[in-house]
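First comes the structure, then the notes that go with it.
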Number of protein chains: 2
Amino acid sequence: MVTIKDVAREAKVSVATVSRALNGSSNVTPPTRVRIERTAARLRYVPLGAARSLVTRRTQAVGALLPDLYGEFFSELIRGIDLAARARGLHLLVSSTHGDADETAAALHALQGRVDGLLIMSPHVDGGFLRKHLAGSVPAVLMDAALHDRRCASVSIDNYGGARAMTGHLLACGHRKLAFIQGPEPNHDARERRRGFEETVAATRGTTSRLLQGDYSEESGHRAGRALLSGKDRPDAVFAANDMMAIGCLSAFNEAGVRVPEEIALAGFDDIPIARYMHPPLTTVRVQISELGHVALERLMIRMQAPDTPEPGVTTLACEVVVRASCGSGTEASGSVKTRQAPHTNN
Amino acid sequence: MVTIKDVAREAKVSVATVSRALNGSSNVTPPTRVRIERTAARLRYVPLGAARSLVTRRTQAVGALLPDLYGEFFSELIRGIDLAARARGLHLLVSSTHGDADETAAALHALQGRVDGLLIMSPHVDGGFLRKHLAGSVPAVLMDAALHDRRCASVSIDNYGGARAMTGHLLACGHRKLAFIQGPEPNHDARERRRGFEETVAATRGTTSRLLQGDYSEESGHRAGRALLSGKDRPDAVFAANDMMAIGCLSAFNEAGVRVPEEIALAGFDDIPIARYMHPPLTTVRVQISELGHVALERLMIRMQAPDTPEPGVTTLACEVVVRASCGSGTEASGSVKTRQAPHTNN
DNA sequence: GGGGCGAATGTAAACGTTTTCATAAAGAAA
DNA sequence: TTTCTTTATGAAAACGTTTACATTCGCCCC
C-alpha cells in the first residue's frame, strides 16, 4: 500500500508538507505543490480514510437507518438523501433493519463510531429509544417518527393532513361508502393516515367506512382488493394508505373486470413515480419523498455543525392531493390541493 | 467521548484485556469478561471504527457505485446487496454518479481508502478504466459491465439471451411487425438487449422491425408509445428494453384508447415488482435484480478474502421470459422459459 | 518442593494521517 | 548591517485501537 510517507520520500519533502499540499489549504509553494500532486498521482496515492478520520474526528459519512428497502418509496428516499449528501461532500452508509426493536438497536450500535450523523426511519425508534441507545454520541434526525418529541430533531410528512385532504376529496366526489386499506400497525405514518381518514369520515354525516389491514406491499393491497369485491357491501371508493397497496388493489379490480373509477373509485398515498402511469392514472397524495430525505439531511448537517444548539423540534412537509382519473372526479380533470406550506418547522 | 481507556480504568484492567473481552476471542476469564462488558455498556462505549480500521486494515464496508438511484431496478439492486452484506456483517456505502467518466473516476477515488471492496455498475467503467483508476488497491466486481474482460471479475445478466427469448416469444405469438424501444446508447445492457432483438428479427423471414430511442425512464417510454401510435405503420407488438419504459408506453396506449394486447402487444424487461400489477399484467423478461446484487457481493467477498486468486472472469445470470397478458399470447395463460442455467461462471 | 508449563493479563509498538510547534529562510524595516 | 516579521518546511505528538511480546501467577508433575 502506498502511504503519505512514500509520496513524501519521492517528492523529497516531509509528510506534513504532503498533507498540506493535498488538502489544499495552508502555505505551500506552487512548485512544491505541483511536484507533490504529480508524485501522488504517479504513485496512485489514496489517503486512508481511517487514519484521516482518527485524527480529524470526522468520518465525512452519514448513516441512514431504514426499515426496509423495498419499493419505490425507499429508492426515492435514498435518492433524495444521496443527492443532498453528495452536494455536501458526504458519504452515505445505508443500513436496513427488518426485525424488531432489538435488531434496530444493534444496527444503531453498529453504525455509531462510523458516521458523523444519523438519519433514522424506523417504527421502533422514538426520542426515548434514541436517548437510550445513542446517548448523544452522534447527532441524529428522525424521519417520519412516531413521537413529536421536542428534544430530538425530526422531519415528518403531514400524513394526517394528507389523509384528511384525500378523504375530503373522495367525499366531495360524491362517494359515501368508503373503504380504507391501512398500513402496518406499528408504523407511525400508517396510524396517522388512518386517523386522518377516520376523523374525516366521522365528521361527515351519511357516510359508512370500513377498514382493511395491509402491510404496504402490493400483495397485501391485492388481497384487500379481492376481499372488498367478495364482500357483500361493496364500497364506492377505496383509499389505500400507500400507492403500492393501491396498485395491488387496482390489479385485483382489473382482474375481476371491475372498472375503475366507473364502478369503484381508488386513491393512494405517496405519489411514487409509477402512480401516474397506471391505468387509470392514480389519484394520490403527493409526498415529496426525495425532498423528505433532502430536508432531513440538511437538518442533520445543521446539527452536525452545531451539536449544542437547542433542539429544533419537528419539521413538517406538506402533502398535496393529486387528482387523476382513478378517483372518478367528474368536475376537475386534474389538479392538486396543498395541505399547507412546506417545509414548516415547529419549534 | 468515551474510549477504551475509560472502560479499562473503570473495570480495573488494561486496554488489551478490554479489547480481547469485547472482541470475543482469546483467553479472558469469565468474571473479568462480564465485568468489562457491564462497564462498557454502562459507559455506553462504542469502539471508534476509524481507529479499529487503521490497525486491522479492514473497514468492514463495501462500496456500491451506481449510475443512478431512480426507479425500482435500483431499489431492488440495493436491497440485494444490502441483504447479502448484512448477512456477512459488512456495511454498505452507496454512491451514485450522474455524470460522465471523469465524475465516475472522482467518485471511485473518493470511495477508495474507505472500503474493503467495490461493486460497480456504470456505463463508463470497464476493465481498462478500473485498472487505471483503481490500480488494484481495492478488489472490485463489475455488475453488468460493458466488457467481458477476463482480468476483472464481473457479474452480468444475460441481456442478449433474454432479448432473444422475448423476441422469439413475440414472434411465436404471431406478431410480425415489431417495434423496439431501446435504452440509453452508452449502456452495455441496453446495447445487448437491442442486439438480441435485432438478430432474432433478422433471422426470421417476413418480419419488419423498427427502433425507437428511449432512456429507461417511464417518460421516454410514454413518448415512444405516442410516437408509435401517431406513425402510419403501427406495429403489432412493442418490446421495450426495460419495464419502466414499457409502463410509460402502456400508459400512452391507454390514454389513446388503444387496447393491449388486443390491438397491440407489449413486453418489457427486468420484471420489476410492479410489472405484474399493471393492467394488463406485463409480459417481461425476469431478471433477478436483487440476485444480481447478491451474487456480485458474494463474488466480491471471495476476492476480498483471497485477492491474489486468479481472476474468475464473468458470471452470467440467466433471464427468464415471464408470460403474462400484455403480449397477447393466446396459447399459454402464463408461464416462463429460462435462457439457461443460473448462475453460470465462465472462466 | 522445585521446575516447567499454560492461562490470564499487562506493556508498548504499531497503523497513516493531521496538526502544533519549532526552525529555517527570506524579506522588510531600521 | 541588524532585527523583526512573514512564510515555507520539518519534527514529532497526538488520535483509539489491536496485537505481538513480556510478565505474572497458579498448577501439575516429578
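Each chain gets a letter, A, B and so on, in the order its sequence line appears, and its residues count up from 1. Because the structure is a prediction, the values reported are computed rather than measured.
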Subject >> N/O (side chain, A:T17) to phosphate O (OP1/OP2, D:dG10) under 4.0 Å >> reply: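 Yes, within the criterion.
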Once you round it to whole Å, what is the distance between [atom2] of [N] and [atom1] of [X]?
X: B:L22; N: D:dG16; atom1: CG; atom2: P; result: 16 Å
X: B:N27; N: D:dG26; atom1: CG; atom2: P; result: 17 Å
X: A:Q60; N: C:dT17; atom1: CD; atom2: C1'; result: 14 Å

Original post:
Is it the case that more than 12 heavy atoms not belonging to A:R131 sit under 6.0 Å from its CZ atom?
Top reply: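 Yes.
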**OP:** For A:S154 and A:R299, test the side chains for any donor-to-acceptor distance below 3.5 angstrom and give the result as yes or no.
**Re:** no
Original post:
Taking A:N187 for the side chain and A:P123 for the main chain, is one N or O donor matched with an acceptor at less than 3.5 Å?
Top reply: no
Subject >> Inter-end axis angle, the helix from C:dG1-D:dC30 to C:dA30-D:dT1, with every axis fitted to five base pairs (rounded, 10 degrees) >> reply: 40°
Original post:
Which nucleotide in the set D:dT17, C:dT19, D:dG16 lies at the smallest distance from any side-chain heavy atom of B:Y45?
Top reply: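 So the side chain of B:Y45 is nearest to D:dT17.
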Original post:
Can you tell which of D:dG16, D:dG10, C:dT17 lies closest to the side chain of A:R20?
Top reply: D:dG10
**OP:** Could you check B:S14 against B:A51 and say which one's nearest nucleotide on DNA chain C is further toward the 5' end?
**Re:** B:S14
Original post:
So which one's nearest nucleotide on DNA chain C is more toward 5', B:T29 or A:V2?
Top reply: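 Checking each residue's closest nucleotide, the 5'-ward one belongs to B:T29.
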**OP:** Find which nucleotide of DNA chain D each of A:V15 and B:I4 is nearest to by heavy atoms, and output the residue with the more 5' nucleotide.
**Re:** A:V15
Original post:
Is any NZ, NE, NH1 or NH2 atom of the basic residue among A:D82 and A:R79 found under 4.0 Å from an Asp or Glu carboxylate oxygen of the other?
Top reply: no
Original post:
For B:T32, which contact category applies under a 4.0 Å heavy-atom criterion: base, sugar-phosphate, or nothing?
Top reply: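 Sugar-phosphate only.
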